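Following: one structure in structure tokens, then a few remarks.
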Amino acid sequence: MDIFGIGSLDVEHQRELVRKHLMNLTTSYSDESDVFTEVLQNAIDAIALRDPIANPDGGNLTIVVGRRTDNAHYLYVQDDGVGMSEELVDRVFIPGYSFGKKHGKSIGYKGVGMSYIVAVSDHIAIRSVKEGLPTDRTILHTNDWVTDSEKPQPTVDDSFSAPQLVKGLADGITRGTGVYFEFHSGSDPKSLDNLVIVTDGIEKELRYWAGFLCAKTPLGLATSTLVQQSNPMKVQFIVDRGDDVVFEEPFIRDVYAPDQGKLGYPFPETVFVVGVDTNTIDSTPVSQHNLKHARRHQAVFHEWSGPEFIEEMVLDDDEKTLLLKHLHWVRGYLCYSTDVMKQVKKNMGTRGPAVRYGARLAVDGAPQGRPLDLSLTSDQGLDRQTHIVLGFSELELDTGRKFVSNEKILHAINKVNQRVVTKLKDYRWALKIKDRVPIETDLAEWIKSVDERAGNSSLPALFAALGATPPARVDPNDEQEVIALWTALVTTAELPGFAMKALSGYNRYDALATIGDDAMTPTGSLAAVSPDYAPKENAVLEFKVSFDSLISDFEAKVKIPSEVDVVVCWDCTDLNLRVGRLEPTYGKWKHARPFRAVSYIWHDDASSTHFNVISLKNVIAELLVAHALPGGLSALGVLENRDDAKLV
């Protein structure tokens with residue numbers, strides 16, 4: 001009997017089955033960190049498989065993030081692990097073939113990671129050296145073929161095709177493997193310009209990339225604070241911007257402290273160093289609790305050993321057995337408001353919240369990319385103020401690392417999460433009351449944050465070129481600063497055709513303005529391109545720091561899209577929103593700018609309502625270019641690449 005007709009399939013049908021399997025595999029992964037996760041996991045596993053007696057050191061890892069203006073972004077990861085023979089290199093891409101299982105691993109090694117990496121790539125190269133013998137392979141156009149059966153099949157040759165910097169590193173491999181992955185328009189992410197802040201200088205960008213990967217991939221070793229690393233892994237981190245702009249920095253894989261050369265999982269209290277361990281509160285005499293702790297902390301946190309935590313929980317026998325076998329430690333963090341987690345994100349320099357509320361699994365020390373919702377049954381607000389990390393070993397995850405495969409243990413994890421929140425909630429009396437933070441603390445933090453921001457702003461240079469005093473020496477961080485910058489640009493005549501009529505005085509919208517004929521002219525910087533907008537006497541203006549926040553106002557029906565004429569914001573971080581979409585009209589999209597300085601046009605989901613959006617971040621970049629000031633072209637290029645990557 002020929003089961004499923006496998007024996008009768010010709011080569012063409014077998015090839016189509018593989019193609020469809022790979023296409024399904026790519027949809028099993030959906031997080032922007034998945035490529036990074038799989039490449040780094042393979043490298044770290046290869047180092048772990050070395051003979052510990054012959055190799056007592058923690059191993060060496062090299063990570064290169066290549067961010068290029070022509071969108072040829074890439075990732076290169078090199079290890080000094082066990083290396084692969086030529087036969088193994090040629091088999092490791094086969095779906096279901098597991099390098100780990102060949103070395104005795106039985107949990108979590110499905111043999112799909114390398115298949116996924118190749119399936120979403122149109123250019124991947126690998127060099128592996130085992131016993132002094134190198135094997136090179138370059139595979140091209142795989143994703144083209146996987147997503148479209150009419151495209152030619154992938155090509156493979158016995159070479160290592162990569163940028164010169166990467167080739168130089170790969171040439172130095174005496175044992176181990178180097179994997180080069182080039183991002184493209186069909187991959188996720190397709191651009192590296194919008195994952196971390198890339199405008200604060202290359203040194204800070206490198207730290208931001210290190211933090212992003214520590215939070216989202218196995219690079220961020222997440223272990224109990226009770227376990228000390230005897231021989232930490234050495235990590236050489238490199239950012240390559242092309243045109244000989246390269247910056248590198250050495251780290252060790254330890255406890256998260258990038259400023260001290262250490263990479264580990266970025267627990268919130270190690271990123272934004274506030275809060276107190278509940279042990280400190282408990283060790284304080286009760287008579288001094290109010291004096292030393294009441295309403296004084298921005299966060300509380302604690303770590304429990306797995307067995308200690310499990311013993312005090314109400315679990316059925318199966319749940320208890322599973323947790324005692326797999327759960328080794330639990331670490332919980334509760335902050336007094338969601339603003340604390342926003343500060344964690346800001347300190348890490350990531351575009352999105354790499355460390356966010358919810359529960360994150362750390363399996364065999366490797367943090368998984370997707371946090372689990374807390375599913376609290378009461379005090380729902382706390383699920384936006386709590387971060388939990390669960391330290392497991394030998395836990396089976398599904399393909400794509402989205403969920404725990406065992407539904408029984410997933411149910412037990414939910415119980416653990418609820419118990420962590422309950423235990424931390426007992427210390428809410430020690431947390432500050434929102435909007436009642438001591439003045440001296442707020443003042444010191446405010447001054448420090450402003451000083452840090454002042455070093456990164458382009459406003460002073462621009463206004464010096466205009467012969468005017470800038471409204472502030474920092475880029476806007478709140479609505480008042482947006483209004484001040486807008487007003488300054490109008491009064492310096494950089495935005496002719498706009499005249500403010502009134503600010504405030506109405507409980508729904510922020511301002512009224514006159515948009516005159518000069519705003520419709522097709523000449524000069526920020527000019528209108530295709531005017532289809534008549535001058536207006538009482539144009540309704542709305543000010544925001546980020547355009548995204550306006551969507552919440554629409555959903556709550558406190559503002560009505562059809563009544564808004566212009567939104568003036570500092571930045572538009574995402575074109576694809578919960579409600580509606582943004583169409584770029586600046587830079588290379590200068591084809592539909594209806595009047596001066598419009599950066600985007602917002603359309604509702606039914607395409608029945610639209611209004612104009614002026615993003616001052618875009619305006620500043622264009623003005624820097626217009627006045628031939630340093631940084632203008634690069635700033636505009638970053639915005640164009642970011643928005644191009646978000647267009648669907």
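We count residues from 1, following the sequence as given. As the structure is a prediction and not an experimental result, all values here were calculated from the model.
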Between CG on residue Leu263 and SG on residue Cys214, distance to nearest 0.5 Å: 4.5 Å
Arg68 bridged to Asp193 by N-O distance under 4.0 Å: no
Ionic contact status for Arg331 with Glu269, cut-off 4.0 Å: yes
Lys/Arg N to Asp/Glu carboxylate O, Arg137 vs Asp158, below 4.0 Å: yes
Arg642 and its side chain to side chain donor-acceptor pair (under 3.5 Å) partner, picked from Thr573, Asp571, Asp574: Asp571
N/O donor-acceptor pair under 3.5 Å between His184 side chain and His73 backbone: no
Donor-acceptor pair, side chain of Thr177 and main chain of Ser128, under 3.5 angstrom: no
Tyr600 and Phe547 aromatic centres sub-6.0 Å: no
Residues, nucleotides or ligands: over 12 heavy atoms within 6.0 Å of Asp244 CG: no
Test side chain to side chain contact (heavy atoms under 4.5 Å, CB included) applied to Leu40 and Val77, Asp79, Asp45, Val179, the passing residue: Val77
Spacing of NZ belonging to Lys588 relative to CG belonging to Leu636, to within rounding of 0.5 Å: 10.5 Å
List the atom pairs, with distances to 0.1 Å, where a side-chain N or O of residues 346-356 and a protein N or O form a donor-acceptor pair under 3.5 Å, not counting sequence neighbours.
{"unit_1": "Asn347", "atom_1": "OD1", "unit_2": "Gln343", "atom_2": "NE2", "d": "2.8"}
{"unit_1": "Asn347", "atom_1": "ND2", "unit_2": "Val271", "atom_2": "O", "d": "3.3"}
{"unit_1": "Thr350", "atom_1": "OG1", "unit_2": "Gly352", "atom_2": "O", "d": "2.6"}
{"unit_1": "Arg351", "atom_1": "NE", "unit_2": "Val196", "atom_2": "O", "d": "3.4"}

Lys/Arg N to Asp/Glu carboxylate O, Arg50 vs Asp80, below 4.0 Å: yes
Near-ring test Tyr76/Tyr74, centroid separation under 6.0 angstrom: no
is_close_aromatic(His123, Tyr180), centroid dist under 6.0 Å: yes
Salt bridge Arg207-Asp200, side-chain N to carboxylate O under 4.0 Å: no
Residue that, paired with Ile63, satisfies side chain to side chain contact (heavy atoms under 4.5 Å, CB included) out of Leu219, Val39, Thr217, Ile238: Leu219
Under 3.5 Å donor-acceptor, Lys234 side chain and Ile252 backbone: no
Salt-bridge contact Arg67-Glu205 (side-chain N to carboxylate O under 4.0 Å): yes
